[in-house]
Amino acid sequence: MTTTEAGAATTAPSTETPHDRGVHGYHHQKDEHLKRLRRIEGQVRGLQRMVDEDVYCIDILTQVSASTKALQSFALQLLEEHLRHCVADASVKGGDEIDAKVEEATKAIARLLRT
């Protein structure tokens, strides 16, 4: 808080963002993400069942591919939300924070590409 010449107290503009309060990019779609992850979990349980029931290996591999694609799609959505929210938030603040967030996102992309 600052004081003006007349002695009235004023509040300095806040630089706090929703990200500072622990609100992440996926926050608004959290329920959708959880639903999607439960569906992927079901696919993985289906893989376990298929192995347990001695299903033909090519059929299992087909399901592995579907599960992998579902996880990759989820990861890309989460990455997009990270860029739109966390990286954008850092760009508003500027300085070293934007460099750190861009580096963080670049490393995450590199990890995704290795899979």
Checklist entry - If you look at every heavy atom in Ala88 and Ser91, which pair is closest and at what distance? => result O-OG, 2.6 Å
Item to check | Smallest separation among heavy atoms of Ala70 and Gln43, with atom names | outcome: CB-OE1, 3.6 Å
Nearest-0.5 Å distance that lies between atom [atom1] in [X] and atom [atom2] in [Y]:
X	Y	atom1	atom2	value
Tyr56	Thr62	OH	OG1	10.0 Å
Ile109	Leu76	CD1	CG	9.0 Å
Ile40	Phe74	CD1	CZ	7.0 Å
Leu37	Arg39	CG	CZ	9.5 Å

Checklist entry - In terms of hydrophobic clustering (I, L, V, M, F, W, Y; side-chain heavy atoms under 4.5 Å; direct or indirect links), are Leu83 and Val102 co-clustered? => result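 Yes: a chain of side-chain contacts under 4.5 Å links Leu83 to Val102.
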Excluding sequence neighbours, so at least two apart, what forms salt bridge (charged side-chain N to carboxylate O under 4.0 Å, His left out) with [X]?
X	value
Arg38	none
Arg36	none
Arg49	Glu53
Glu32	none

Checklist entry - Can any side-chain N or O of Ser73 pair as donor or acceptor with the backbone N or O of Lys69 at less than 3.5 Å? => result no
Item to check | Set of side-chain contact (heavy atoms from CB on, under 4.5 Å) partners for Lys107, sequence neighbours left out | outcome: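 Per chain and number, Lys107 pairs via side-chain contact (heavy atoms from CB on, under 4.5 Å) with Glu103, Arg111.
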Next on the checklist: Is a donor from one side chain sitting under 3.5 angstrom from an acceptor on the other, for Glu81 and His33?
Outcome noted: yes
Checklist entry - Does the side chain of Val87 come within less than 4.5 Å of His82's, by heavy atoms? => result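 The answer is yes; the side chains approach within 4.5 Å.
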Checklist entry - Heavy-atom count around Asp96 CG within 6.0 Å, excluding the residue itself: above 12? => result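 Counting neighbours around CG of Asp96, 12 or fewer heavy atoms of other residues, nucleotides or ligands fall under 6.0 Å, so no.
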Item to check | Asp89 with Lys93: basic N within carboxylate O range, under 4.0 Å | outcome: yes
Item to check | Salt-bridge criterion met for Glu41 and Arg45 (N-O under 4.0 Å) | outcome: yes
Checklist entry - Apart from Leu47 itself, which Ile, Leu, Val, Met, Phe, Trp or Tyr residues share its cluster (side-chain heavy atoms under 4.5 Å, direct or through members)? => result Met50, Val51, Val55, Ile60, Val64
